[in-house]
Participant: 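The structure follows.
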Protein chains: 2
Amino acid sequence: MNFPDLFDRFADRVLPANLTDAAILQLRHEAYAEDLPAGGRLHLDDDRSHFIFVGSGATKLAAFVSTEREQIVAFDFAGDIVHVPPRGRYNFALTALTPAEVLVMPADSFLRTTPESCALLKVATEETARALSASRENAITLGRRSARERLACFLLDVWARMADQRKTGEEAIVLPMSRGEIAESLGLTIETVSRQFSELRELGLIETCGRSLLRVVDPEGLSRCAGQVAAAA
Amino acid sequence: MNFPDLFDRFADRVLPANLTDAAILQLRHEAYAEDLPAGGRLHLDDDRSHFIFVGSGATKLAAFVSTEREQIVAFDFAGDIVHVPPRGRYNFALTALTPAEVLVMPADSFLRTTPESCALLKVATEETARALSASRENAITLGRRSARERLACFLLDVWARMADQRKTGEEAIVLPMSRGEIAESLGLTIETVSRQFSELRELGLIETCGRSLLRVVDPEGLSRCAGQVAAAA
DNA sequence: CGTCTAATTGATGGTTGTCAAGACGAGTGG
DNA sequence: CCACTCGTCTTGACAACCATCAATTAGACG
């Protein structure tokens with residue numbers, strides 16, 4: 001997918017209709033596309049925040065807590081928008097889990113206070129608010145839930161967000177992230193994640209095949225697993 | 001403090017100079033002040049998100065995870081702005097820790113796409129981005145740090161943010177929140193928080209007097225405590 | 001000064017992290 | 001097509017950390 005197609009897809013998906021052509025052209029001028037191979041890291045100007053539109057593939061946004069230790073803050077799939085903050089207390093990096101096409105836009109491009117780009121600003125606010133909600137939910141999960149509940153939550157979330165990938169008769173999805181990456185996003189170790197996978201399988205709530213094929217057999221049961229707060233946690 | 005003074009303080013603190021009088025008046029028209037007693041809860045229209053300016057006092061923003069179990073998402077003090085999301089997966093409530101004067105503004109008030117209020121939109125985006133960064137840092141702390149590190153982090157944060165309250169020769173601050181509330185924000189139990197307080201005191205890093213008076217004796221040492229990621233956690 | 005709630009401290013157990021070994025899967029070369 | 005190899009995943013044993021339960025102490029307020 002080339003830049004024009006990628007930008008058009010982005011515009012279709014998030015830009016409102018009432019935007020002037022001038023504003024769109026200005027944004028288009030400052031955006032650029034990038035192809036990332038699996039495992040490839042997006043290099044950005046650390047001093048500015050960016051919005052990244054994921055055209056295809058899957059990505060992770062991770063914070064470097066210490067050397068060789070990172071905390072994954074968000075997973076994003078095709079059609080999602082990621083807010084990448086500037087360098088602060090932690091450094092953040094967007095990494096592709098699978099080959100991915102992304103559209104990079106400095107946040108400044110949305111923040112002009114010219115009358116024409118007001119609608120753009122609104123988009124930026126809404127996307128940031130959405131990211132804030134997701135982050136707060138994540139914080140709640142990390143603070144108050146057991147390992148079992150965290151994984152159940154995670155699987156339900158991914159299962160729902162990748163729904164379009166199983167529309168063609170397929171009942172399974174391909175998890176683009178490794179067990180280690182799941183662990184890093186849930187604040188657990190890889191061993192604990194693996195054990196929870198096994199137990200959910202034994203409970204008959206999910207089925208797995210190979211490393212990455214997942215099928216949620218009993219969404220309601222999984223939801224029950226995820227729902228209740230840890231009695232002991 | 002009455003509404004006009006509260007609004008003026010808010011305007012001085014966050015509104016940019018290039019805002020038209022019309023935009024300010026419009027915002028002022030939709031804002032209202034509220035006095036909260038200690039422990040008082042702010043009741044909002046759940047279907048809209050709001051920005052709350054804390055004029056005086058201290059507040060907590062909490063999510064209700066289940067009955068009688070809440071996760072505190074943010075503490076905010078005089079001069080801070082809080083983003084309260086609409087009802088979603090979790091319900092959120094802003095509660096006063098001490099008597100507080102707050103200015104309530106529906107987020108919609110900032111989101112008008114009239115040319116005059118463009119600068120307002122920018123303010124909203126920036127405040128939301130700030131909240132997002134804070135929330136992500138919080139998530140990292142909850143996911144990757146031990147009890148000791150969480151409390152050290154927390155105390156350093158509060159110590160820095162309440163710096164203005166100890167400018168008058170005082171070297172101590174009054175913690176407006178209880179141990180239980182600290183526990184709820186750090187994803188720990190009240191007993192663990194209390195034990196960590198005791199240990200930090202024995203290490204000579206902090207001093208406490210009564211329930212809420214705190215003095216950080218050795219900020220660097222505390223920072224060292226907070227800095228390293230949990231070896232075992 | 002008395003009462004009540006919050007905070008502290010101790011003892012114990014459960015959940016999860018750590019260390020270690022083995023199994024599985026993917027990719028490569030014969 | 002099969003064997004080999006390497007990295008990821010799984011499973012087990014053990015230990016550490018934190019939650020739970022319980023009892024005592026300290027503070028706040030009337």
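In what follows, every heavy atom counts, from backbone to side chain, and hydrogens, waters and symmetry copies are set aside.
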Participant: May I ask you to establish whether A:R179 and A:F197 are in a cation-pi arrangement, using a distance under 6.0 Å from NZ or CZ to the six-membered ring centre and at most 45° from the ring axis?
Facilitator: yes
Participant: Between A:R145 (CZ) and C:dT16 (P), how many Å, whole number?
Facilitator: 13 Å
Participant: What heavy-atom pair brings B:A63 and B:V73 nearest, and what distance separates the two atoms?
Facilitator: CB-CG2, 4.4 Å
Participant: Rounding to an integer number of Å, can you tell me how far A:L213 CG sits from D:dC9 P?
Facilitator: 14 Å
Participant: On DNA chain C, nearest-nucleotide positions of A:R148 versus A:C209: which is more 5'?
Facilitator: A:R148
Participant: List the residues meeting side chain to side chain donor-acceptor pair (under 3.5 Å) with A:R87, not counting sequence neighbours, and say none if there are none.
Facilitator: A:D46, A:D47
Participant: Please give, in whole Å, the distance from D:dC9 P to A:E199 CD?
Facilitator: 18 Å
Participant: Taking CD from A:Q196 and C1' from D:dT10, how many angstroms apart are they, rounded to a whole number?
Facilitator: 13 Å
Participant: For the pair made of CZ in B:R150 and C1' in D:dA19, what is the distance, rounded to whole Å?
Facilitator: 12 Å
Participant: Within the 4.0 Å limit for protein heavy atoms, which parts of nucleotides 5-13 of chain C are touched? Write it as a string from 5' to 3', B for base, S for sugar-phosphate only, - for none.
Facilitator: -BSBBBB--
Participant: Grab the two heavy atoms, one from B:G187 and one from B:R150, that are nearest each other, plus how far apart they are.
Facilitator: O-NH1, 3.5 Å
Participant: Do B:D157 and B:F75 come close enough that some side-chain heavy atom pair is under 4.5 Å?
Facilitator: no
Participant: Tell me: CG of A:L175 to P of C:dG25, nearest whole Å?
Facilitator: 16 Å
Participant: Quick one, B:I206 and B:V217 - any side-chain contact, counting heavy atoms below 4.5 Å?
Facilitator: no
